[in-house]
Student: 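Can you read through this structure? Questions will come right after.
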Amino acid sequence: MKAPAYKRILLKLSGEALAGSQGLGINNTVIKQIAQDVAEAFKAGVEIGIVIGGGNIYRGVAASAEGMDRASADYMGMLATCINALALQDALEKENVPTRVQTAIEMAEIAEPYIRRRAIRHLEKGRIVIFGAGTGNPFFTTDTAASLRAMEISAEVIMKATKVDGIYDKDPKKHTDAKKFDKISYIDVLNKGLEVMDSTAISLCMDNKLPIITFDMTQRGNILKAVQGENIGTLVQ
Ligand code: UDP
């Protein structure tokens, strides 16, 4: 098997990815496939931290648009990410991958609290660490949490797994002439308003020179390919 191109990565999985075509909740077949793909990449010898979103269960912004207090709605969104984190832990352990869940909001009975040094130790010992509850702060997203955790654990890259095979100049589902970028700069992503990650997350990566790779995770085996350095999506640097 081809050696991994990275020693340590941060994988960002959106909550929606777990829902499959049903759009909401957790689809057991889909989460099993994701766990198998992550396990395959992990067994190639790369250390993996995972930040998981919560959009398949609850999104703070959407709820606040309907009148709910934004901070309360965001806390609910963060709790949703913890549900996903536990589901992913279970699925990964069924693939014989040792894992730990650490949450930014303490819930000692079900997960460890987020402690940076301990997270790094887990990674060194060959465990995947799943980070739940985002940053622990309302008004942020799990994309920003991914950027933050990636830097804290000294990951070499953020791998943002999506449903699209990279970044396009316009929505490829609506425009047949949409052009895909192989590489793009952070500032171009921001200036062109391209939907990769929110601007807080992109800015944090830009300021700290952390590359982002976006790719289509619905294609089986793509996480391994990305980890092996294959050019399967778009590189933001
Ligand atoms: N959230 C938050 N602070 C964070 C991370 C997440 O308040 O640091 C809340 C926010 O309400 C968000 C929800 O959690 O809508 C779910 O996260 P996100 O929308 O990023 O999930 P994804 O789109 O990746 O599924």
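Along the sequence shown, residues are numbered consecutively beginning with 1. Both counts, for ligands and for their atoms, begin at 1 and track the order of listing. From a predicted model like this one, the values you see are computed outputs, not experimental measurements.
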Student: Decide whether the shortest distance between a heavy atom of Tyr58 and an atom of ligand 1 is less than 4.0 Å.
Tutor: yes
Student: With atoms numbered from 1 as shown, which atoms in ligand 1 lie under 4.0 angstrom from a non-hydrogen atom of Gly53?
Tutor: 21 (O), 22 (P), 24 (O), 25 (O)
Student: So if I apply the side-chain contact (heavy atoms from CB on, under 4.5 Å) rule between Ile120 and each of Arg117, His122, Glu124, Arg118, which one comes out positive?
Tutor: Glu124
Student: I'd like to know if Lys7 and Glu47 make a salt bridge, using a cut-off of under 4.0 Å between side-chain N and carboxylate O.
Tutor: yes
Student: Closer than 4.0 angstrom: is that true for some heavy atom of Ala80 and an atom of ligand 1?
Tutor: no
Student: Would you mind telling me if ligand 1 is within reach of the side chain of Ile52, the backbone, both or neither, using heavy atoms under 4.0 Å?
Tutor: neither
Student: Hey, could you give me the CD1/CD1 distance between Ile50 and Ile130, rounded to the nearest 0.5 Å?
Tutor: 5.0 Å
Student: Check this for me - ligand 1, Thr142, N or O atoms closer than 3.5 angstrom, yes or no?
Tutor: yes
Student: Can you confirm, on distance only, whether ligand 1 has an N/O atom lying under 3.5 Å from any N/O atom belonging to Arg59?
Tutor: yes
Student: Is it the case that ligand 1 has an N or O less than 3.5 angstrom from some N or O of Gly55?
Tutor: yes
Student: Give the numbers and elements of all ligand 1 atoms closer than 4.0 Å to a heavy atom of Gly54.
Tutor: 16 (C), 17 (O), 21 (O), 22 (P), 25 (O)
Student: Are Arg59 and Glu16 within salt-bridge range, i.e. N to O under 4.0 Å?
Tutor: yes
Student: For atom 24 (O) of ligand 1, grab the closest protein heavy atom and report residue, atom and distance to one decimal in Å.
Tutor: Lys12 NZ, 2.8 Å
Student: Is there a polar contact, in the sense of an N or O pair closer than 3.5 Å, between Thr135 and ligand 1?
Tutor: yes
Student: With no hydrogens and no angle check, just 3.5 Å: does a side-chain donor-acceptor pair link Thr234 and Lys180?
Tutor: no
Student: Need the ligand 1 atom indices (1-based, order shown) with element for anything under 4.0 Å from a heavy-atom of Gly15.
Tutor: 22 (P), 24 (O), 25 (O)
